[in-house]
2 protein chains.
Amino acid sequence: MEKNEALNALAALGQETRLDVFRLLVKTGKEGMTAGAVADALEVLPNTLSTHLAALSRSGLVAAERAGRSIQYRANLDTMQFLVTYLLQDCCAGHPELCAPIATLVNSGDPSNSGSC
Amino acid sequence: MEKNEALNALAALGQETRLDVFRLLVKTGKEGMTAGAVADALEVLPNTLSTHLAALSRSGLVAAERAGRSIQYRANLDTMQFLVTYLLQDCCAGHPELCAPIATLVNSGDPSNSGSC
DNA sequence: TCCATATTTCGAGAATACTCGAATTATATG
DNA sequence: CATATAATTCGAGTATTCTCGAAATATGGA
């Protein structure tokens with residue numbers, strides 16, 4: 001059920017530490033970061049962070065992969081894409097004209113960036 | 001602070017009843033709905049709904065206006081635009097190539113819809 | 001003014017979420 | 001095998017959120 005996936009993602013991101021974690025992981029790109037590195041960067045206790053990473057993982061916003069002793073986490077942008085799409089569909093449903101500014105914004109901006117962001 | 005606005009909006013939408021309310025209000029467009037009509041439609045007690053509407057209002061996702069005895073609520077798409085923009089910026093920050101699919105999705109679709117959604 | 005309607009506010013109870021210290025699991029290395 | 005490192009799981013305490021019945025507020029009409 002699509003709504004629940006969106007709901008889980010929204011709930012996961014609606015918590016400051018988790019939003020910070022996700023933003024940090026997005027910044028690091030495909031390489032991602034180890035759980036410990038995230039904990040250090042955000043100054044969160046490792047066990048507390050682990051709980052938040054588990055929540056992000058359950059909602060599909062991050063993916064985990066063991067690398068030696070560490071576990072590497074990275075943002076899953078497919079889920080973010082799904083979430084943004086879901087939100088846009090909601091906005092546009094029945095009233096496309098109301099959402100024009102959003103599409104405009106996404107389409108506009110630096111021309112060199114056109115087609116990507 | 002931009003992050004807190006986004007955080008509030010995410011937290012507001014990360015709750016099933018509130019997500020339902022917002023989606024319903026988006027569907028009704030600019031006219032919106034009275035609090036009572038929303039309560040009836042979603043089968044939520046009026047006082048419970050009032051709490052959720054207040055939360056949505058605080059986060060800027062809905063606007064309220066008294067109309068006689070009733071209070072008319074409508075979705076505030078500016079805030080949704082802000083939220084989607086914030087999420088996209090996060091995604092693209094430093095790694096634009098990773099977000100291309102999102103922009104592509106927004107740009108593509110039914111040509112008759114091009115420029116709006 | 002009196003009454004009905006619409007909504008919100010208040011107060012309390014139950015459930016959920018967040019955080020932390022301690023213990024546990026998994027992996028690597030000497 | 002023993003030890004160190006990395007991360008998770010467990011258990012408990014606190015805080016927050018959700019829901020509801022009851023009471024209060026605001027508006028419109030007889």
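Reminder, nothing fancy here: chain letters follow the sequence lines and each chain counts from 1.
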From the candidates dT8(C), dA7(D), dC20(C), the one with an atom nearest any side-chain atom of Asn47(A) is dC20(C)

Let me know, please, whether Gly68(A) or Gln15(A) comes out on the 5' side of the other along DNA chain C by nearest nucleotide. Gln15(A)

Test applied, side chain to side chain contact (heavy atoms under 4.5 Å, CB included); reference residue, Tyr86(B); option that passes from Glu5(B), Gln81(B), Lys3(B): Lys3(B)

Heavy-atom nearest nucleotide on DNA chain D for Thr48(A) versus Leu45(B): which residue maps closer to 5'? Thr48(A)

Look at the side-chain N and O atoms of Thr34(B) and state whether any lies under 4.0 Å from the OP1 or OP2 oxygen of dT7(C). yes

Look at the side chain of Ser70(B) and decide which nucleotide, out of dT7(C), dC20(D), dA28(C), has an atom nearest to it. dT7(C)

Kindly point out which of dA7(D), dT7(C), dT27(D) is positioned nearest to the side chain of Arg66(B)? dT27(D)

Is any side-chain nitrogen or oxygen of Tyr73(A) closer than 4.0 Å to OP1 or OP2 of dT8(D)? yes

Return the nearest nucleotide to the side chain of Ser50(A); candidates are dT8(D), dT7(C), dA4(C). dT8(D)

Between dA7(D) atom P and Leu42(A) atom CG, what is the distance in whole Å? 14 Å

Quick one: NE2 on His52(A) to CD on Gln15(A), what's the gap to the nearest 0.5 Å? 4.5 Å

Any idea which of dA6(C), dT8(C), dT29(C) is nearest the Arg69(A) side chain? dT29(C)

OP1 or OP2 of dT8(C) under 4.0 Å from side-chain N/O of Thr51(B): no

Any donor and acceptor pair, going by atom type alone, linking the side chain of Asn8(B) with main-chain N or O of Ser59(B) inside 3.5 Å? no

So which atom in Ala39(B) and which in Pro46(B) form the shortest heavy-atom distance, rounded to 0.1 Å? CB-CA, 4.4 Å

Ignoring the backbone of Pro46(B), work out which of dT8(D), dA6(C), dT8(C) is nearest its side chain. dT8(C)

Whole-Å distance separating the CG atom of Leu49(B) from the P atom of dC18(D): 13 Å

Side-chain N or O of His52(A) closer than 4.0 Å to phosphate OP1/OP2 of dA17(C): no

